[in-house]
Amino acid sequence: MDTKYIFVTGGVVSSLGKGIISSSLACLLKARGLRVTIQKFDPYINIDPGTLNPYEHGECYVTEDGHEADLDLGHYERFTNVRTSRANNVTTGRIYQSVIDKERRGDYLGKTVQIVPHITDEIKRRVKFLGNTGNYDYIITEIGGTVGDIESLPFLEAVRQLRWELGQNSLCVHLTYVPYIAAAKELKTKPTQHSVKALQEVGIQPDILVLRTEKEISADMRRKIALFCNVAQDSVVQSIDVNSIYKVPLMMHAQHVDEIVLRKTGMPVEGEPQMKPWLDFVDKLDKATETVTIGLVGKYVELQDAYKSISEALFHSATYADRKLKLVYIHSEKLNESNADERLGDLDGVIVAPGFGQRGIEGKFVALKWCREHDVPTFGICLGMQCMVIEFARDVLGLEEANSTEMNPHTKENVIDLMEEQKNISNLGGTMRLGAYECSLRHGSKVAAAYGKELISERHRHRFEFNSDYRDRFEAAGMACVGENPATRLVEVVEMPSKRWYIGTQYHPEYSSTVLSPSPIFASFMAAAINYHKEKAAEA
């Protein structure tokens, strides 16, 4: 079977949820037994989001092969349970870099290099790359940005050309916004009409319109939109606000979006998608009545997308534990010893978030000391784990100057440091440990019990490491180094066996948590938080 290509574009405003619609469609097609993957084309000139401030673009998601990617790839994996790679996320920067490298090598034989055809040809090559592997029946390509943006034009031109080349093996899903004017008590379709017109002006006719809305859109209004936008009536569907993104696939299926896609791409429409595990998850989500309260201590809490994978991993584990998640964001710059009781006292568990740099670090130390001394279930991830080590070194081992050489390059007690082979690398990306690495877990440890095995693989995104010269002193004082890289013996996991649940991981387990395969260590943390909640309730 020829690979089918679905292009997802957006109009009117940004942040409508193209990634969620793409992921939902992929979820439905996969549930029908089809092989599906999703790719994201971002119109910014950065090579990847790795150097972007989280305030600019939310979290940086890391694939198993070590690519720093857009956070939408996290949604793709969470909805499909299919691992992505560097081929699933391409930016304008990577496109231009590739074309310029070819020009410098002389690949264009002296021709003038232009946006059309050279940039658009490179975009088309990247779009079709995954299809050429023969591993997929459908490839969903999300085009970042909003129709009408200057930077998106080369991508839309490439899509226009591909639509002609691929014929029935391609279609376009266009997501727009239908605003509700409260004063007039009316939904307005004009922005959608203008958005579709802008798409038509660059030569693309959408096959399916998805209307993002806060209010129900009547059948009459959908017929009107279909008429003005040259789209079949049954192919104009609404995406109304729901209380969980994980209900969107069910909402799309209720409007037969998966069947419309199959029919328009010449595929047989047979039976129903096998959604039972997904429906079971949503059923648990709806039936949960008790709440578990988790605090997330970080410096980017004003923008919750900065910790998107963590919040979703917590949501997965809470839902499977039949609990509603109440996630409390705590700004680490505003946390100190005088307000720690007030900010942390009512929590059932605490996550100390990853990140880079000095800002907000002292608040993380305050949180960790308070949680350690009050025996609150605590999970440190990446920098959070490193902060666990530093706080323990200062307050338990008595090493008052303990620090990371990231924060203080001249510290005398460098409990967190660069490995020797990294110290002479000046390129920021060159010193990063990125992607999936194996980790060997100590028999009998809490973390080994959480995973149910002693050899795991998890993803990394960090530069500094636990300094193994201090390992014996930590072990003797009660912080066990229970996970290590089997090849390098670098410490990956620390835990305090004497505590309810006090564990730090150098890796990022949140990246691998999906709806159908939730993270085992998040599930263990959640169970500890729920038990702690029960203990407090029993004492009250």
Side-chain angles (χ1 to χ4, degrees), residues 3-30 34 36-43 69-80 82 84 87-91 123-124 126-128 130-131 136-149 151-163 166 169-178 192 195-196 198-200 202-213 229 231 235-239 245 248-249 251-253 255 257-258 260-262 264-265:
T3 300
K4 315 286 186 180
Y5 293 85
I6 300 168
F7 300 101
V8 180
T9 57
V12 184
V13 294
S14 59
S15 302
L16 285 179
K18 292 193 300 296
I20 300 299
I21 294 298
S22 300
S23 301
S24 298
L25 181 52
C27 175
L28 291 170
L29 293 173
K30 189 167 181 284
L34 294 159
V36 187
T37 192
I38 318 178
Q39 53 189 356
K40 172 79 181 285
F41 281 66
D42 269 311
D70 182 83
L71 63 80
D72 274 321
L73 266 70
H75 289 313
Y76 302 166
E77 291 199 12
R78 287 188 281 272
F79 276 68
T80 64
V82 174
T84 55
N88 294 79
N89 187 206
V90 179
T91 67
I123 294 169
K124 286 157 62 179
R126 301 281 184 133
V127 168
K128 295 167 81 172
L130 289 167
Y136 302 105
D137 301 314
Y138 279 88
I139 292 176
I140 300 172
T141 302
E142 179 191 343
I143 306 297
T146 306
V147 170
D149 294 346
E151 55 263 37
S152 296
L153 285 173
F155 291 99
L156 295 175
E157 170 59 18
V159 170
R160 183 194 69 78
Q161 294 178 26
L162 284 165
R163 293 296 311 280
L166 295 166
N169 287 331
S170 73
L171 60 79
C172 175
V173 177
H174 188 54
L175 177 64
T176 77
Y177 180 52
V178 179
T192 290
S195 176
V196 172
L199 197 58
Q200 291 167 336
V202 296
I204 301 170
Q205 170 61 45
D207 300 281
I208 298 171
L209 283 181
V210 180
L211 310 175
R212 187 81 167 82
T213 176
C229 296
V231 177
S235 299
V236 179
V237 300
Q238 65 177 349
S239 178
I245 57 174
V248 177
M251 183 171 61
M252 291 295 104
H253 177 60
Q255 298 175 86
V257 173
D258 48 329
I260 294 166
V261 166
L262 292 170
K264 286 182 179 289
T265 53

Self-check item: Any Ile38 side-chain heavy atom under 4.5 Å of Phe79 side chain
Solution: no
- Query: Are any of the side-chain heavy atoms of His75 and Ile20 separated by less than 4.5 Å?
  - Reply: yes
>> Check this for me, if you would: do Asp207 and Lys264 make a salt bridge, where the nitrogen-to-carboxylate-oxygen distance has to be below 4.0 angstrom?
In response: no
May I ask you to decide if the ring planes of Phe7 and Tyr5 are parallel, tilted or perpendicular, using 30° and 60° as cut-offs? parallel
_Any heavy-atom pair between the side chains of Tyr138 and Leu25 that's under 4.5 Å?_
no
Exam field: side chain Gln255 to backbone Gln238, donor-acceptor pair closer than 3.5 Å:
yes
For Met251 and Ser239, what are the C-alpha separation, side-chain angles and deciding distance, and is it a side-chain contact (heavy atoms from CB on, under 4.5 Å)? CA-CA 8 Å; Met251 183 171 61; Ser239 178; 3.7 Å; yes
Item to complete: Evaluate the side-chain proximity of Val178 to Val12: yes if any heavy-atom separation is below 4.5 Å, no if none is.
Response: no
Distance col, row Met252:CE vs Ile260:CD1, nearest 0.5 angstrom, shows 10.0 Å
Any side-chain heavy-atom pair from Leu199 and Cys172 closer than 4.5 angstrom? yes
Decide whether Thr84 and Asn89 meet the rule of one side-chain donor and one side-chain acceptor closer than 3.5 Å. no
Residues Ser22 and Ile140: closest non-hydrogen pair is O-CD1, 3.7 Å
Checklist entry - Do other residues, nucleotides or ligands put more than 12 heavy atoms under 6.0 Å from Lys124 NZ? => result yes
With a 4.5 Å limit on heavy-atom distance, are the side chains of Thr176 and Leu211 in contact? yes
inquiry  = Measuring only between side-chain heavy atoms, which start at C-beta, is Val202 closer than 4.5 Å to Arg160?
reply    = no
Query raised in the report: Can you check whether Val127 reaches Phe41 side chain to side chain, under 4.5 Å on heavy atoms?
Result: yes
